[in-house]
Amino acid sequence: MPTDAIVLLKNDHKEIRRAFKDFQKAGHDAHTTKGKLVDTMIELLTVHTYLENEIMYPRVRELLPEVEDDVLESYEEHHVADVLVVELSMMKPTDERFTAKTTVLIENVTHHIEEEEQEWFPKVREGLGRKVLQQLGAEMEEARKKAPRRPSQPSALKKTVDAVIS
């Protein structure tokens with residue numbers, strides 16, 4: 001039986017939070033460690049936002065029109081994260097604003113995760129039910145195999161460009 005979509009997304013959130021905590025614990029001059037952690041964050045966030053933008057959000061928007069405002073806000077929060085991720089992917093850990101930019105990314109994504117888990121996911125679970133969430137979970141597991149891992153990959157960049165021009 002496939003894992004439901006919300007469980008999959010919450011598992012992603014746990015991994016993302018772990019990378020955030022490790023970054024925050026790294027010392028001021030731990031440039032190599034911070035660079036590796038940001039690379040991990042970039043990959044986790046690129047895959048995660050791809051799954052939400054391509055599968056979860058469009059389907060939820062279609063099936064639960066009453067949460068459309070939440071979906072639109074989530075797209076905008078992803079846009080902010082995407083811009084920061086693209087910028088971080090072009091920086092070196094020794095750059096003056098690397099840690100500051102990563103901190104802003106962490107704060108924004110943490111806020112987004114908390115909103116999703118506390119407000120949005122309960123509405124979606126109630127509105128869609130287990131069977132639909134399992135179908136979405138199966139689609140997401142399949143899509144994860146081909147999901148972009150870096151913002152420079154065409155399928156990831158397309159969403160970023162669309163977000164910037166829209």
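These values consider heavy atoms only, across backbone and side chains, with no hydrogens, waters or symmetry-generated copies. We're numbering straight along the sequence, starting at 1.
The 12-atom threshold is exceeded at CD of E62, counting heavy atoms of other residues, nucleotides or ligands nearer than 6.0 Å. Within a 6.0 Å sphere centred on CD of E66, heavy atoms belonging to other residues, nucleotides or ligands number more than 12.
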Give the intermediate values and the outcome of side chain to side chain contact (heavy atoms under 4.5 Å, CB included) for residues D95 and M90. CA-CA 10 Å; D95 289 348; M90 296 183 289; over 6 Å; no
Under the criterion side chain to side chain contact (heavy atoms under 4.5 Å, CB included), I'd like the reasoning laid out for E73 against D69: C-alpha separation, chi angles, the key distance, then a yes or no. CA-CA 6 Å; E73 183 181 332; D69 288 345; over 6 Å; no
Step-by-step side chain to side chain contact (heavy atoms under 4.5 Å, CB included) determination, Y50 to M140
CA-CA 10 Å; Y50 175 83; M140 289 166 64; over 6 Å; no
**Message:** As a quick check of understanding, evaluate side chain to side chain contact (heavy atoms under 4.5 Å, CB included) for V104 and V80, giving each step before the final call.
**Reply:** CA-CA 10 Å; V104 171; V80 170; over 6 Å; no
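Taking CG from D82 and CD from E76, the interatomic distance works out to 10.5 Å, rounded to the nearest 0.5 Å. Interatomic distance, NZ of K14 versus NZ of K10, reported as 8.0 Å (0.5 Å rounding). L105 contributes atom CG, which lies 6.0 Å from atom CG of L88 (distance to the nearest 0.5 angstrom).
Side-chain contact between L136 and R59 is present, with heavy atoms from C-beta onward closer than 4.5 Å. Side-chain contact between F121 and L9 is present, with heavy atoms from C-beta onward closer than 4.5 Å. In this structure, T102 and F98 have side chains that are in contact, with non-hydrogen atoms separated by less than 4.5 Å. Residues V7 and R125 form a side-chain contact, since some pair of their non-hydrogen atoms from C-beta on lies under 4.5 Å apart. Residues N108 and E77 have side chains not in contact (no heavy-atom distance under 4.5 Å, counting atoms from C-beta outward). Considering only heavy atoms from C-beta on, E54 stays 4.5 Å or farther from T49 through its side chain. At a threshold of 4.5 Å between non-hydrogen side-chain atoms, the residues R149 and V47 count as touching.
Applying the salt bridge (Lys or Arg N to Asp or Glu O under 4.0 Å) criterion to E87, with sequence neighbours excluded, gives K101. Residues forming a side-chain contact (heavy atoms from CB on, under 4.5 Å) with R61 (at least two apart in sequence, or on another chain): E68, V71, L72, Y75. E15 meets the salt bridge (Lys or Arg N to Asp or Glu O under 4.0 Å) test with no other residue; sequence neighbours excluded. In terms of the salt bridge (Lys or Arg N to Asp or Glu O under 4.0 Å) criterion, K92 has no residue partners (sequence neighbours excluded).
V60 and L8 fall within the same hydrophobic cluster, where Ile, Leu, Val, Met, Phe, Trp and Tyr residues are linked whenever their side-chain heavy atoms come under 4.5 Å apart, directly or through other members. Taken together through direct or relayed side-chain contacts under 4.5 Å among Ile, Leu, Val, Met, Phe, Trp and Tyr, L45 and M56 form parts of separate hydrophobic clusters. Both V132 and L51 are assigned to one and the same hydrophobic cluster, defined by single-linkage of ILVMFWY side chains at heavy-atom distances under 4.5 Å. Taken together through direct or relayed side-chain contacts under 4.5 Å among Ile, Leu, Val, Met, Phe, Trp and Tyr, V86 and M91 form parts of separate hydrophobic clusters. Criterion: ILVMFWY side-chain heavy atoms under 4.5 Å apart, direct or through other members. Under it, V85 and F20 are part of a common hydrophobic cluster.
Residues T3 and E141 approach most closely at OG1-OE2, 3.9 Å, considering heavy atoms. Annotation for A19 and L44: closest pair CB-CD1, 4.4 Å, computed over non-hydrogen atoms.
Panel note: side chain D4, backbone I6; a donor-acceptor pair is recorded below 3.5 Å.
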Just list the side-chain donor-acceptor pairs under 3.5 Å for residues 23-43, sequence neighbours left out, or say none.
from	atom 1	to	atom 2	distance (Å)
H31	ND1	P93	O	3.3
K34	NZ	T99	OG1	3.2
T40	OG1	K36	O	3.1

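Within the structure, every pair that satisfies the side chain to side chain donor-acceptor pair (under 3.5 Å) test and touches residues 114-124, not counting sequence neighbours, is listed here: H13-E116, H13-E117, R17-E117, Y57-E116, D70-K123, H111-E115, H112-E116.
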